[in-house]
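Step one of this worksheet: look at the structure below.
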There are 2 protein chains.
Amino acid sequence: MNLKQLAAHLGLSPTTVSRALNGYPEVAEATRARVAAAARAHDYRPNTRAKGLATGRAMAIGHVIPTATRHEIVNPVFADFIAGAGERYAAAGYDLLLSVVPDGDEAQAYRDLARRGTVDGVILHAPRIADPRIPLLLDLGLPFVVHGRSSEVRAPYPWVDVNNLRAFRRAAEFLADLGHRRIALVNGLEFMDFAHRRRRGYLEALESRGLPADARLMHAAEMTETNGHRAGRALLALPAPPTAILVSSIIMAIGVRRAAEEHGLALGRDLSVITHDDDLSYLRNGEDEVPIFTATRSSVREAGRIAADLLMERIGQPGQPPRTRLLEAALILGLSTGPAPRAAAPPAPPAGA
Amino acid sequence: MNLKQLAAHLGLSPTTVSRALNGYPEVAEATRARVAAAARAHDYRPNTRAKGLATGRAMAIGHVIPTATRHEIVNPVFADFIAGAGERYAAAGYDLLLSVVPDGDEAQAYRDLARRGTVDGVILHAPRIADPRIPLLLDLGLPFVVHGRSSEVRAPYPWVDVNNLRAFRRAAEFLADLGHRRIALVNGLEFMDFAHRRRRGYLEALESRGLPADARLMHAAEMTETNGHRAGRALLALPAPPTAILVSSIIMAIGVRRAAEEHGLALGRDLSVITHDDDLSYLRNGEDEVPIFTATRSSVREAGRIAADLLMERIGQPGQPPRTRLLEAALILGLSTGPAPRAAAPPAPPAGA
DNA sequence: GACTCGCGCCAAAGCGTTTTGAACGACGCG
DNA sequence: CGCGTCGTTCAAAACGCTTTGGCGCGAGTC
């Protein structure tokens with residue numbers, strides 16, 4: 001059942017039916033009611049493509065998610081971010097278009113979405129330092145919002161990000177204040193902007209507490225359980241192992257915990273761990289109990305909601321100066337941190353290791 | 001740059017340009033080359049909506065993913081499944097449309113997609129026993145493929161599923177053969193079809209090995225780490241705790257492991273655990289080492305690829321009898337299983353507990 | 001040399017909407 | 001009573017593409 005048929009059925013012109021359904025004022029209330037009833041009875045919905053062609057709007061938002069072909073990793077936070085964003089899209093009548101592309105083909109994917117007019121805007125995921133996709137999107141004139149930020153990009157652009165630097169600085173300082181002197185960092189890949197900022201926060205904290213930065217205490221890898229385990233194992237096998245570890249994701253932290261257990265270390269007593277916690281729905285850290293991990297927490301689902309709102313606003317009013325939104329992560333206390341152990345302190349060399 | 005402009009620029013009619021780009025034979029090779037070059041030079045891509053309107057095909061596949069509003073859970077396997085499917089869509093020129101809807105509004109979402117003509121077909125996720133969405137989709141005439149199956153649905157429909165029953169039966173029998181007499185099940189919610197089948201497999205195994213079914217050894221809940229931990233803790237607190245646990249997801253298994261550690265039990269020695277393993281990219285179980293968990297493994301990403309292929313084939317040739325595909329899970333040996341411990345055997349009552 | 005045929009191209013219709021511009025009564029006002 | 005106004009409706013154009021149904025022209029055939 002299309003508009004013309006519905007109109008014919010009602011003995012009206014397509015124009016009137018269209019206006020009646022779209023809430024235009026110049027249609028009599030009686031007619032509008034009659035049209036609405038008929039539309040409901042026939043379960044009529046305007047054809048997306050025809051409507052889009054006529055209005056020039058796709059009523060769809062694109063998300064391009066890269067799947068690194070080599071490692072085949074799909075970032076688990078996408079699911080929750082997209083759930084948050086999708087919620088808002090649905091409420092506003094937007095569809096969500098997902099483009100799964102191999103790493104590297106992303107520029108092409110954005111160009112394609114823009115030129116084909118498939119979407120009205122996109123969310124840019126997982127920005128890197130000096131991410132070339134940002135100038136590309138600015139150039140294409142396709143409205144977008146970045147989930148995260150990209151250091152070294154000069155032009156202003158809209159983004160939603162967690163204050164990663166401050167979160168990790170606070171976490172590391174907290175550990176230092178508990179007496180930890182050897183604090184390790186198990187980070188995501190550091191060409192990713194968030195990881196870069198977290199490292200800076202970590203380093204700033206070390207400096208502010210007068211602790212030396214030790215390259216052997218810093219690991220960076222894709223944020224899988226396996227990599228968390230590897231890093232944890234390597235750290236604990238050091239001659240002077242850390243007494244505290246700062247971890248970039250809860251999935252990595254689970255790997256670190258596994259390594260600790262293999263070494264017979266109890267979290268919170270023998271080894272302190274603070275992890276970043278994206279508040280993933282299937283991996284809650286302390287739902288109605290004390291959190292297992294002390295963590296810097298920031299809901300990625302909420303970030304999705306905010307990014308979606310920002311983008312739809314931007315689509316509605318282009319030309320406005322780009323808005324940004326910096327979210328603060330909460331530092332929540334769990335069972336995985338405690339004062340630095342005294343007993344196990346290694347024979348302290350006079351001038352620090 | 002649209003088709004008309006490109007045609008004008010070339011001094012050709014839109015018809016010829018369209019045919020040249022779409023590979024129709026009735027255009028001279030020289031012309032075709034000239035058109036292709038101009039299209040490339042101007043980075044021309046046909047407008048999706050216009051093309052769709054003209055052809056009657058959306059060139060898009062829908063995935064409706066429910067977000068249970070109460071628990072706000074997003075199943076983590078979606079990400080990997082969609083990565084697999086999306087890969088195939090991209091190769092075939094299809095877009096992927098994601099509908100995030102609150103649990104319960106799904107029927108409406110499907111009806112909407114069908115009526116608006118937004119997609120050419122859909123993948124049905126997370127089917128339940130006697131899932132009403134299947135008759136609905138059959139009724140709507142919208143091509144679809146189910147990821148999983150739905151017991152008690154009579155009509156034939158296309159699906160891709162893992163042989164959950166056999167996988168769990170094999171796993172439970174394997175545990176029994178290791179001497180375990182008290183084998184627990186930590187399952188997903190059992191109105192979900194896959195969980196229902198896994199339970200049946202588990203029960204069949206118990207029966208085949210002459211073991212009693214004990215309701216206290218069976219848990220079912222949403223597959224989160226927290227719920228895995230809860231179930232594990234409850235099981236291990238029993239007067240006659242199980243010596244082996246069969247778990248429905250690796251995330252739950254991580255929770256079970258945490259409970260075991262709290263009880264001072266070593267996996268593979270004091271307690272055996274077998275988990276189902278969807279081979280998630282960020283949660284690999286034994287990438288290049290011996291797997292941590294003994295597991296029934298089946299790649300959900302591969303399932304996504306297969307489902308996508310099946311659906312696109314179905315869209316291309318409707319009316320064909322529905323094809324189905326049953327995948328077998330591998331039983332892979334890891335470090336979490338071993339013979340039933342003898343020492344800790346409880347004082348055996350004469351006639352079995 | 002007329003006729004057929006096929007190659008290469010084109011004009012125009014059509015896809016299902018929205019939107020522009022106008023028509024048509026009815027009504028109020030001078 | 002004539003004119004402008006308002007409220008309601010409509011016909012037709014437009015969106016950017018595909019596709020139908022020719023059309024012209026040169027080559028081949030008799």
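No experiment lies behind these values; they were computed from the predicted model shown. Chain naming here is simple, since letters A, B, ... match the order of the sequence lines and numbering starts at 1 in each.
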Sugar-phosphate only, base, or nothing, as touched by Thr55(B) at under 4.0 Å among non-hydrogen atoms: sugar-phosphate
Candidate list Arg323(B), Arg325(B), His147(B), Arg149(B), test side chain to side chain contact (heavy atoms under 4.5 Å, CB included), partner Trp159(B), passing option: Arg149(B)
Separation of Met59(B) CE from Arg49(A) CZ (nearest 0.5 Å): 11.0 Å
d(CG, Leu53(A); C1', dC15(C)) in whole Å: 9 Å
Protein-nucleotide distance (Arg49(B), atom CZ; dG14(C), atom C1'), rounded to Å: 19 Å
Side-chain (Thr55(A)) to main-chain (Lys51(A)) donor-acceptor, under 3.5 angstrom: yes
Gap between atoms CG and P, on Leu10(B) and dC10(C) respectively (whole Å): 10 Å
Between CZ on residue Phe81(A) and NE2 on residue His63(A), distance to nearest 0.5 Å: 6.0 Å
Under 4.0 angstrom between Lys4(A) side-chain N/O and dG16(C) OP1 or OP2: no
Residue-level proximity of residues 20-35 of chain A to DNA chain D when a heavy atom falls under 4.0 Å: Glu26(A), Val27(A), Ala28(A), Thr31(A)
Asp309(B) CG to Arg88(B) CZ distance, which is reported to the nearest 0.5 Å: 4.5 Å
Verdict with reasoning, Val35(A) to Arg32(A), per side chain to side chain contact (heavy atoms under 4.5 Å, CB included): CA-CA 5 Å; Val35(A) 170; Arg32(A) 187 192 304 284; 5.7 Å; no
Interface limits on DNA chain D, where chain A has a heavy atom under 4.0 Å of a nucleotide atom: dT8(D) to dG16(D)
Nearest-Å distance for atom pair CG/P, residues Leu3(A) and dC15(C): 13 Å
Atom pair distance, as rounded to whole Å: CZ in Arg19(A) and C1' in dT18(C): 8 Å
Minimal non-hydrogen separation, Ala60(A) against Tyr94(A), with atom names: N-CD2, 3.5 Å
Met59(A) CE to dG16(C) P, straight-line distance once rounded to whole Å: 21 Å
Min side-chain heavy-atom separation Pro143(B)-Leu311(B) under 4.5 Å: yes
Donor-acceptor side-chain pairing of Ser151(A) and Asp193(A) below 3.5 angstrom: yes
Given DNA chain C, 5'-ward residue of the pair Thr16(B) and Arg45(A), judged by closest heavy atom: Thr16(B)
